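Only one structure is covered here, and it is reproduced in the block below.
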Protein chains: 2
Amino acid sequence: MAKIDDVARLAGVSKGTVSNVFSQKRRTSKSVTEKVLRVSRELNYVPNHIARSLVTKKTMAIGLTIPHGNFFFSVFHNQFINGVVLEASIYGYRVLLDMIPIEEVKTPSLASYPIDGAIVLGPMEQDERINLLHQNQVPFVTVGQIINDGLHEATTVNNDNNRIILDICDYLTGFGHRNLMFLNAGKHMTVSIERTKAFAQAMQKHQIELQPHMVHYKPDIHSDEYMTYGYDETVRMLGERKEKVTAIIADDDRTAFSVLNAINELGLSVPEDISLFVICGDLSMMHQVTPSLTGMDLQPSELGSQSVKQLMHKLGVLEGGYPNHVTVSSKIIERSSCSPVFGGNESVSK
Amino acid sequence: MAKIDDVARLAGVSKGTVSNVFSQKRRTSKSVTEKVLRVSRELNYVPNHIARSLVTKKTMAIGLTIPHGNFFFSVFHNQFINGVVLEASIYGYRVLLDMIPIEEVKTPSLASYPIDGAIVLGPMEQDERINLLHQNQVPFVTVGQIINDGLHEATTVNNDNNRIILDICDYLTGFGHRNLMFLNAGKHMTVSIERTKAFAQAMQKHQIELQPHMVHYKPDIHSDEYMTYGYDETVRMLGERKEKVTAIIADDDRTAFSVLNAINELGLSVPEDISLFVICGDLSMMHQVTPSLTGMDLQPSELGSQSVKQLMHKLGVLEGGYPNHVTVSSKIIERSSCSPVFGGNESVSK
DNA sequence: CTGAAAGCGCTTACAG
DNA sequence: CTGAAAGCGCTTACAG
């Protein structure tokens, strides 16, 4: 690999000049520029990114931490990553995947992160990732609320989870549903906590008594039940315990599919017997399934690109003021998996 | 940020010793180790990854290039990435996402890649990514065959695409199907080329005349038709042109869903009227859908981890001989979307 | 087991 | 517009 000295010597200029030709931080005369470029091509020379980073203190990479152990990420993650990668590329940043669960990293922070900043997806109540980032002083933005420790002003991008749950409940009760079952995300995720609170509020608003069987949490990713969450809860609540549920809200596409499967097995159908509402999920895919699933579009890709924009502001790449909290809008996409309760409020009696 | 000199001074040792405590390349006495560690903790010191990389010539990161512009990646990509990230973490490597299409990178290789090696998913006939890697002399392995240029011995991991297509065709013809439609991947991907060849062979084997409407290619990712590929071809061939297709082979889950949707709209059903076979796709998801989809498990996660293993051998991280070509097995998962042709060979007669 | 010194390949004031 | 020199924060022979 040719280095800057080789080029400088052959082109008859100083290393500083070669450096400027590539970094374009100072103008170089046309003749010199051309000569340097020609020699570089001959020698197959390309500036060493690492050496450059050492002095500029910039790696031009951002870290993306996704809280997954076994890595079954859903379409939401998929689209989110897309948004991040695409937006980051605009500013010349690469994306470093950092998804190993803390416990499994033998020597966390054995060396400093080679990143300029980080994006933390799905923060949890006690989030080691965030502590680590603070400790290493790497700027970050979280996607999802973090429990404020009072010490640091967090930068976040988030959906309006409160609004989302209220809207969904309004939508379903508008169809006459009063026996809802909400399959929430993992218990310790802050998004989950926000949603549960909102769900309780919604029940109160519609004067529905909040019962224990109405809210469930996705099992830990490491457990066996993780993959069959939707199926299991549906069979348990509707099949075994005969709860009179008429509408189910599923946390994501995988859960929704799995609920659908259980409903079919129980000899019931959607939306005739049970309405099924999915939070997020791939729009194109939800549409292709029969019945097509009514759901809330969380705009994961937008969440991704917004989080990058915020980070760029934090890094000083983007100029101008920027709010610490950005809310990405969401809206209900009506398809055919939700319908009025058969016979109106029939399910309430008995 | 504290640096190595600060620690050395405060601990009363040389920088070299501090370095050794962290790198563990040479033993240090217990007392010195403890003192250094204590001081480091006090100063919140962590070795600078970049500075280390400059001298060791190792970034401890591998690049992952996925050929997607608009980033609608399927479950296959999802699982593949999982496999890569998990396996890489075992060797202490991080994964750098490198998915920006070449055309959109303003100044490709303006600086050297800060990676030790790369994994190239889904190589194409003329693949710029591969040229770039060659040029920058970064070791890489491809997932999928590459057209051998005769100059370099490629390292690849792949499914046995020939076997796969033959197996699928055997399976379907075994059910009496003779009018197949194959919705292949993008035209310029090498996997697509392999499969088309195999499909022609299979038709010959079963003495079925190969007709133009039997093989289709996924549109370019940038085109509008990309997302509706399966739907479009199904409606066009079965609806408009009334081709007597009885079995459809879909390239991936998204395509399969979209075919399913078209079939439903045409008033037909799976598997009664049309058998649907999906190559790859999320096993858990395929299972949850109704009808559950029969498909070929390509083991994307295994493809991912194997490719990392090969790369580690190339980088000298893993010792011992290793084949240049690794084939990951695949097998048919029978579910309920394929069945015998109604009335045996009825579909052959006009 | 430890230290002093050179060097990894760049960029960046400083001077002209 | 260009050059000479210092320095980014580590690791690594070499010597002891």
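The structure presented is a predicted model; accordingly, all values stated were derived computationally and were not measured. Chain A is the first sequence line, chain B the second, and so forth, proteins listed ahead of strands; every chain is numbered from 1.
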Counting only side-chain nitrogens and oxygens, does B:T17 get under 4.0 Å of the OP1 or OP2 atom of C:dG3?
yes
At less than 4.0 Å, is any side-chain N or O atom of A:S29 found next to OP1 or OP2 of D:dT2? Yes or no.
yes
Taking a pair to mean Watson-Crick or G-U wobble geometry with both distances below 3.5 Å, C:dA4 pairs with none
How close or far is atom P of D:dT11 from atom CG of B:N48, stated in whole angstroms?
9 Å
B:K58 side-chain N/O to D:dT11 phosphate OP1/OP2 under 4.0 Å
no
C:dC8 C1' sits how many Å from A:D6 CG, rounded?
14 Å
Between A:K3 and A:D6 (salt bridge meaning N to carboxylate O under 4.0 Å), is one present in this structure?
no
Spacing between A:K57 atom NZ and D:dC8 atom C1', to the nearest angstrom
5 Å
Under the side-chain contact (heavy atoms from CB on, under 4.5 Å) test against A:S40, which residue among A:L10, A:V21, A:V7, A:V46 passes?
A:V7
B:T28 side chain near C:dC1 phosphate (N/O to OP1/OP2, under 4.0 Å):
no
Can you tell me if B:K15 touches the phosphate of C:dG3, counting only side-chain N or O atoms and a distance under 4.0 Å to OP1 or OP2?
no
Measuring to OP1 and OP2 of C:dT12, would you say a side-chain N or O of A:K25 lies under 4.0 angstrom away?
yes
Please check if atom NZ in A:K58 has more than 12 non-hydrogen atoms from other residues, nucleotides or ligands closer than 6.0 Å.
no
